Trainee: 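The structure follows.
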Amino acid sequence: MFKNILVPIDGSDSAWSALRYARVLGEKFNSTITVIHVIPPLYGVQPLNDSALYGTYNIREVEAIGQRLLDTAKDKLNGYPNPIKTILDFGSPSNRILTIAHKDQYDTIVIGSRGLSGVGEFFLGSVSTNIVQHAMIPVVVVK
Ligand SMILES: Nc1ncnc2c1ncn2[C@@H]1O[C@H](COP(=O)(O)OP(=O)(O)O)[C@@H](O)[C@H]1O
Ligand SMILES: [Mg+2]
């Protein structure tokens, strides 16, 4: 039922809540937890070192930030008794998360309700809305 849990994170409080929730579930059900972060294409197309035009970050820095985020997630799962995996991917976050969730046969996705964009008006963010709408497996949305 919860053998393989996929937890998408973006560094937001809501995503860390989702990770905590996944940990509790996973300890009960002996689950493997896979934490995924997807770097959106906005960053992926930026040429190296063209900061005058594209801002401070180049693709290697963005990748390193993504990797650090996943390392932080692993730290937060310190002592977790079952296997932990991490995935750093590039593309549309909701498309990549859904594709991987279906292809690799995850049992459930545990996701934050809100993310970093901080548009307070809606109950769900754009990524979580897409996941809830299009996932063919159960989704746990954590506030
Ligand atoms: N780039 C991403 N990679 C992985 N997970 C993400 C990403 N962006 C958002 N998420 C997940 O989706 C949840 C909701 O975020 P999102 O829908 O982007 O809300 P908002 O529109 O407020 O930014 C986050 O808590 C996180 O679990
Ligand atoms: Mg967002």
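What you are looking at is a predicted structure, and each value in this text was computed from that prediction instead of being measured. Note that ligands are numbered from 1 as they come in the structure, with each ligand's atoms numbered from 1 the same way.
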Trainee: I need the nearest protein heavy-atom contact for atom 26 (C) of ligand 1: residue, atom name and distance, please.
Mentor: Pro8 O, 3.4 Å

Trainee: For atom 21 (O) of ligand 1, grab the closest protein heavy atom and report residue, atom and distance to one decimal in Å.
Mentor: Ser117 OG, 3.1 Å

Trainee: Determine whether Ile39 and Leu116 fall in the same hydrophobic cluster, where Ile, Leu, Val, Met, Phe, Trp and Tyr are linked whenever their side-chain heavy atoms lie under 4.5 Å apart.
Mentor: no

Trainee: What residue and atom, counting heavy atoms only, is the protein's closest point to atom 18 (O) of ligand 1, and at what distance?
Mentor: Val127 CG2, 3.4 Å

Trainee: What atoms of ligand 1 come within less than 4.0 Å of a heavy atom belonging to Pro93?
Mentor: 1 (N), 2 (C)

Trainee: Going by heavy atoms in the side chains, are Thr32 and Ile84 under 4.5 Å from each other?
Mentor: no

Trainee: Ser126: heavy atom below 4.0 Å from ligand 1, yes or no?
Mentor: yes

Trainee: Would you kindly confirm whether Val24 and Phe29 end up in one hydrophobic cluster when ILVMFWY residues are joined by side chain heavy atoms under 4.5 Å apart?
Mentor: no

Trainee: Mind checking the NZ-OG spacing from Lys143 to Ser17? Nearest 0.5 Å is all I need.
Mentor: 11.5 Å

Trainee: Does an N or O anywhere in Ile36 fall below 3.5 Å from an N or O of ligand 1?
Mentor: no

Trainee: Would you say Gly115 has any N or O atom under 3.5 Å from an N or O of ligand 1, going by distance alone?
Mentor: yes

Trainee: Say whether Ile109 and Met136 are linked into one hydrophobic cluster, either directly or through other cluster members, by side-chain heavy-atom distances under 4.5 angstrom.
Mentor: no

Trainee: Judged by non-hydrogen atoms, does Ala18 sit under 4.0 Å from ligand 1?
Mentor: no

Trainee: Counting non-hydrogen protein atoms only, what is the nearest one to atom 13 (C) of ligand 1? Give residue, atom name and distance.
Mentor: Gly112 O, 3.1 Å

Trainee: Assess whether a salt bridge exists between Lys3 and Asp107, defined as any Lys/Arg side-chain N lying under 4.0 Å from an Asp/Glu carboxylate O.
Mentor: no

Trainee: Kindly give the heavy-atom pair with the smallest separation between Tyr106 and Ile137, and that separation in Å.
Mentor: O-CD1, 3.5 Å

Trainee: Between Leu88 and Leu77, is there a shared hydrophobic cluster once you connect ILVMFWY residues whose side-chain heavy atoms come closer than 4.5 Å?
Mentor: yes

Trainee: If the cut-off is 4.0 Å to any non-hydrogen atom of Ile111, which atoms of ligand 1 fall inside it?
Mentor: 11 (C), 12 (O), 13 (C), 27 (O)

Trainee: Checking side-chain contact (heavy atoms from CB on, under 4.5 Å) against Thr34, which of Asn4, Ile87, Thr86, Ile5 comes through?
Mentor: Ile87

Trainee: Between Val127 and Ile111, is there a side-chain heavy-atom distance shorter than 4.5 Å?
Mentor: yes

Trainee: For atom 9 (C) of ligand 1, what is the nearest protein heavy atom, given as residue, atom name and distance?
Mentor: Asp10 OD2, 3.4 Å

Trainee: Can you tell me the protein heavy atom closest to atom 4 (C) of ligand 1 and the distance?
Mentor: Ile9 O, 3.1 Å

Trainee: Which protein heavy atom lies closest to atom 3 (N) of ligand 1, and at what distance to 0.1 Å?
Mentor: Val38 N, 3.0 Å

Trainee: Identify the closest protein heavy atom to atom 24 (C) of ligand 1: which residue and atom is it, and at what distance?
Mentor: Arg114 O, 3.4 Å

Trainee: Is there a polar contact between ligand 1 and Ser113, counting only N or O atoms under 3.5 Å apart?
Mentor: no

